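Notes for the one structure printed next.
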Amino acid sequence: MKARVFVTLKPGVLDPQGKAIHHALEGLGFEGVEDVRAGKLIELDLAEGTSDDEIAEMCRKLLANTVIENFKIERLGA
């Protein structure tokens with residue numbers, strides 16, 4: 001079973017990487033980009049039967065800093 005974990009900064013947390021990307025896009029002449037927030041994608045290959053609660057525990061303990069980051073879990077396949 002595969003799952004994806006999307007980790008993003010919480011609203012209001014300074015995002016220097018997002019700002020740098022935004023600035024670079026403007027420098028390359030791309031117009032209409034009003035804001036950029038950067039995050040990370042983590043793909044997990046898990047044993048069958050791994051529960052959402054177990055994945056969330058992985059996120060809380062290691063994959064995301066829940067003080068400043070949110071996470072979202074997406075299971076792949078059926």
Side-chain angles (χ1 to χ4, degrees):
M1 177 191 80
K2 293 188 183 278
R4 288 182 176 156
V5 176
F6 299 88
V7 180
T8 56
L9 290 169
K10 290 181 176 179
V13 175
L14 185 63
D15 182 1
Q17 185 179 16
K19 293 291 182 204
I21 294 168
H22 187 203
H23 182 73
L25 289 171
E26 287 178 334
L28 291 170
F30 292 101
E31 298 178 6
V33 180
E34 296 183 5
D35 193 21
V36 176
R37 299 287 287 174
K40 58 188 170 188
L41 165 66
I42 302 166
E43 291 188 340
L44 301 171
D45 192 356
L46 302 163
E48 290 299 323
T50 304
S51 71
D52 285 348
D53 288 342
E54 290 173 305
I55 300 170
E57 187 72 10
M58 293 176 201
C59 293
R60 286 189 291 273
K61 287 189 172 180
L62 180 67
L63 303 177
N65 177 349
T66 57
V67 174
I68 61 170
E69 295 174 323
N70 292 319
F71 63 86
K72 182 177 82 173
I73 298 165
E74 175 185 287
R75 289 179 175 269
L76 302 176

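FYI, side chains are in, hydrogens and waters are out, and symmetry mates aren't considered; it's all heavy atoms of this structure. The structure displayed is predicted, hence computed values, not measured ones.
- To the nearest 0.5 angstrom, L63 atom CG is 8.0 Å from M58 atom CE.
- In terms of the side chain to side chain contact (heavy atoms under 4.5 Å, CB included) criterion, residue partners of V33 (sequence neighbours excluded) are, by chain and number, H22, L25, V36.
- I42 and L76 fall into different hydrophobic clusters, where Ile, Leu, Val, Met, Phe, Trp and Tyr residues are linked whenever their side-chain heavy atoms come under 4.5 Å apart, directly or through other members.
- Among residues at least two apart or in separate chains, salt bridge (charged side-chain N to carboxylate O under 4.0 Å, His left out) pairs with a member in residues 64-76 are R4-E74, D52-R75.
- When all heavy atoms are compared, the tightest approach of A56 to I73 is N-CD1, 3.7 Å.
- Its side chain within the 4.5 Å cluster rule, F6 clusters with L41 among the Ile, Leu, Val, Met, Phe, Trp and Tyr residues.
- Here Q17 pairs with nothing under the side-chain hydrogen bond (donor to acceptor under 3.5 Å, both in side chains) rule; sequence neighbours left out.
- In terms of heavy atoms, V13 sits closest to R37 at O-NH1, 2.9 Å.
- V7 and L9 fall into different hydrophobic clusters, where Ile, Leu, Val, Met, Phe, Trp and Tyr residues are linked whenever their side-chain heavy atoms come under 4.5 Å apart, directly or through other members.
- With sequence neighbours excluded, the residues that form a salt bridge (charged side-chain N to carboxylate O under 4.0 Å, His left out) with K2 are D45.
- Under a hydrophobic clustering in which Ile, Leu, Val, Met, Phe, Trp and Tyr are joined whenever their side-chain heavy atoms come within less than 4.5 Å, directly or via other members, V5 and I68 fall into different clusters.
- Residues C59 and T66 form no side-chain contact, since every pair of their non-hydrogen atoms from C-beta on lies 4.5 Å or further apart.
- Judged as a salt bridge (charged side-chain N to carboxylate O under 4.0 Å, His left out), the pairs with a partner in residues 54-63 (not counting sequence neighbours) are, in order, E57-R60, E57-K61.
- For the salt bridge (charged side-chain N to carboxylate O under 4.0 Å, His left out) condition, the pairs that include at least one residue of residues 8-29, sequence neighbours left out, are K19-D35.
- Between the CG atom of L44 and the OG1 atom of T50 there is a distance of 9.0 Å, given to the nearest 0.5 Å.
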